[in-house]
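Here the structure is laid out as structure tokens; the discussion comes afterwards.
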Amino acid sequence: MSAQSDVERLAAENAALQTRIQALTKENSRLKAPQTSPPLPDPSPLTAFTQVESLNNPEIARYSRQLLLPEVGVQGQLSLRNASVLVVGAGGLGSPCILYLAAMGVGKIGVIDHDTVEISNLQRQVIHSESRAGLSKARSARLAVHELNSDCHCIAYDLVFDYTVALSVAAEYDVVVDATDNVPTRYLVNDTCVLLGKPLVSASALKLDGQLTVYNYAGGPCYRCLFPVPPPPETVTNCSDGGVLGVVPGILGTLQALEVVKILTGVKAKEAPTLLLFSAFSSPTFRSIKIRGKQAHCAVCGTQPTITELQDYVAFCGSQPTDGPVHLNLLPAGDRITCADYHTLRQTGQPHLLVDVREPVQYDICRLPGSLHVPWRDFAQRVPDILAAREAVSHQPIYIICRLGNDSQEAVLHLRERGVVDAKDIVGGLLEWHQSVDPTFPAY
Ligand SMILES: Nc1ncnc2c1ncn2[C@@H]1O[C@H](COP(=O)(O)OP(=O)(O)OP(=O)(O)O)[C@@H](O)[C@H]1O
């Protein structure tokens with residue numbers, strides 16, 4: 001099926017699925033919310049987005065606090081009202097961005113996200129709610145937008161923004177916001193915007209830090225001008241591995257909404273391109289760095305571009321745009337033990353040494369009783385401690401555990417190099433332990 005017909009099918013489905021979403025949403029709130037909570041509002045059916053020449057009285061009343069600003073005024077508000085913005089990703093960054101765009105009166109907002117709402121998202125993805133856990137994030141965002149501002153024409157694309165749909169979806173919008181969390185999508189969104197001539201408001205947030213830049217706007221650089229080569233996959237961390245303070249993407253996503261407003265009202269065109277850096281626990285909290293302009297030799301926006309159509313971004317970046325945990329396979333099966341087998345071994349009381357190689361902050365969250373804690377980053381120096389502990393259990397085998405079963409494999413490989421042959425890693429780590437052995441063991 002072609003990309004275009006895929007998008008058309010989705011638009012049709014969007015309307016048809018509203019009834020289903022309503023039923024699911026009501027069922028969800030019945031199951032999860034206190035019985036006293038009011039039912040969620042129903043989304044209105046899709047109507048065509050039309051531009052207007054003047055604001056009506058309800059709009060004047062609704063946006064009066066913005067209309068009073070000379071920097072916005074009637075013309076600025078009309079620019080928002082007649083504009084369309086595509087937000088790629090309805091997660092930590094997308095949540096506040098979409099909400100503020102809708103609240104401020106952007107006429108049409110497209111939300112594209114293939115993921116579903118999880119409880120662990122709610123610490124920062126404030127557009128979603130407990131009652132919508134399990135729903136598509138795009139549709140959940142649409143429901144929230146409708147609750148906030150029913151005049152906003154919000155389209156939910158419950159799919160992956162990939163090279164098959166990128167051009168046809170983004171072509172429908174004036175500005176694109178990259179609120180995703182992975183490198184392949186970042187290059188894809190950039191190239192899409194360059195090929196379509198759309199401004200791109202891009203941000204990222206991780207741990208306590210974030211950054212924001214507007215690309216491909218007013219003769220400024222594109223993402224590839226600054227980052228022609230993707231980073232090595234092993235150097236990239238995501239929120240589920242590194243953590244993130246809820247308010248950090250909240251601030252960056254809100255600033256993305258601000259940049260959109262500045263683009264739509266024309267203010268942004270007068271500014272030099274900058275990279276805004278945010279660091280929550282540092283001083284100064286914000287720093288703005290002037291960035292180099294458009295690069296003549298840029299592969300996509302330069303004078304002789306070599307990229308003239310979308311390409312395979314997973315191959316280009318050498319990494320998957322995955323949301324779930326990444327499970328590496330560094331060891332042969334014989335050097336690994338499944339959680340189920342390790343569970344049996346514990347139950348039958350076979351002597352062994354269990355080494356937990358997670359960071360202290362993770363070890364504090366939960367641990368299996370009787371483990372020796374040796375964080376992976378200190379592992380090389382602490383091999384003597386491990387060998388000494390093993391002596392105490394009469395040289396019995398060593399089993400190594402971590403959160404996902406990746407660092408534990410690295411640790412086994414390291415022990416092999418140091419001549420320790422009877423060490424195995426526990427496949428899938430503590431997350432798998434929670435899933436297949438003990439559902440009461442905490443998952444994080
Ligand atoms: N190519 C893509 N197409 C559509 N949505 C995307 C794409 N890449 C990333 N996203 C979405 O962007 C959002 C990024 O937000 P964020 O990192 O806060 O969320 P998350 O992936 O839910 O986090 P966690 O790692 O905690 O599960 C996610 O909802 C993700 O599904």
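Start at 1 and go down the list; that is how both ligands and their atoms are numbered.
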Open item on the list: Please list, in number order, the atoms of ligand 1 under 4.0 Å from a heavy atom of S240.
Closed with: 25 (O)
- [ ] Kindly indicate whether a cation-pi arrangement holds for R358 with Y444, taking the cut-offs as under 6.0 Å to the six-membered ring centre and within 45° of the axis.
- [x] no
Task: Atom OH of Y100: over 12 foreign heavy atoms under 6.0 Å - done: no
Task: Numbering as shown, the atoms of ligand 1 that approach G89 to under 4.0 Å (heavy-atom distance) - done: 11 (C), 12 (O)
Task: Interfacing atoms of ligand 1 (cut-off 4.0 Å, heavy-atom, G92) - done: 15 (O), 16 (P), 18 (O)
Open item on the list: Can you tell me if K207 has over 12 outside heavy atoms packed within less than 6.0 Å of its NZ?
Closed with: no
Task: Ring centers of Y223, Y215 separated by less than 6.0 Å - done: yes
TODO: Report yes or no: does a heavy atom of R124 sit under 4.0 Å from some atom of ligand 1?
DONE: yes
Open item on the list: So for V88, does at least one of its heavy atoms come nearer than 4.0 angstrom to any atom of ligand 1?
Closed with: no
Task: N182 neighbourhood, listing ligand 1 atoms whose heavy-atom distance to it stays under 4.0 Å - done: 8 (N), 9 (C)
Task: F161, any N or O under 3.5 Å of ligand 1 N or O - done: yes
Open item on the list: Take a 6.0 Å sphere around CZ of R292 and say whether it holds more than 12 heavy atoms from other residues, nucleotides or ligands.
Closed with: yes
TODO: Quick one: look at N121 and ligand 1, take heavy-atom pairs under 4.0 Å, and tell me if it's side chain, backbone, both or neither.
DONE: side chain
Task: salt bridge (Lys or Arg N to Asp or Glu O under 4.0 Å) assessment of E59 paired with R62 - done: CA-CA 5 Å; E59 286 171 329; R62 182 174 193 124; over 6 Å; no
- [ ] Mind checking whether K137 contacts ligand 1 via backbone (N, CA, C, O), side chain (CB onward), both or neither, at a 4.0 Å heavy-atom cut-off?
- [x] side chain
- [ ] Decide yes or no for L277 and D209: does some side-chain heavy atom of the first lie under 4.5 Å from some side-chain heavy atom of the second?
- [x] no
- [ ] Report, in ascending order of atom number, the atoms of ligand 1 lying under 4.0 Å from any heavy atom of L159.
- [x] 4 (C)
Task: Heteroatom proximity flag, T180 to ligand 1, N/O under 3.5 Å - done: no
- [ ] May I ask which of A205, G91, G242 has a heavy atom nearer to atom 15 (O) of ligand 1 than the others do?
- [x] G91
TODO: Return the orientation label for the F49 and H153 ring planes: parallel under 30°, perpendicular over 60°, tilted otherwise.
DONE: tilted
- [ ] Check the angle between the aromatic planes of F379 and H414 and answer parallel, tilted or perpendicular using the 30° and 60° thresholds.
- [x] perpendicular
Open item on the list: Taking 4.0 Å as the limit for heavy-atom contacts, which would you say applies to A179 with ligand 1: side chain only, backbone only, both, or neither?
Closed with: backbone
TODO: Between D113 and ligand 1, find which residue part has any heavy-atom pair under 4.0 Å and reply side chain, backbone, both or neither.
DONE: both
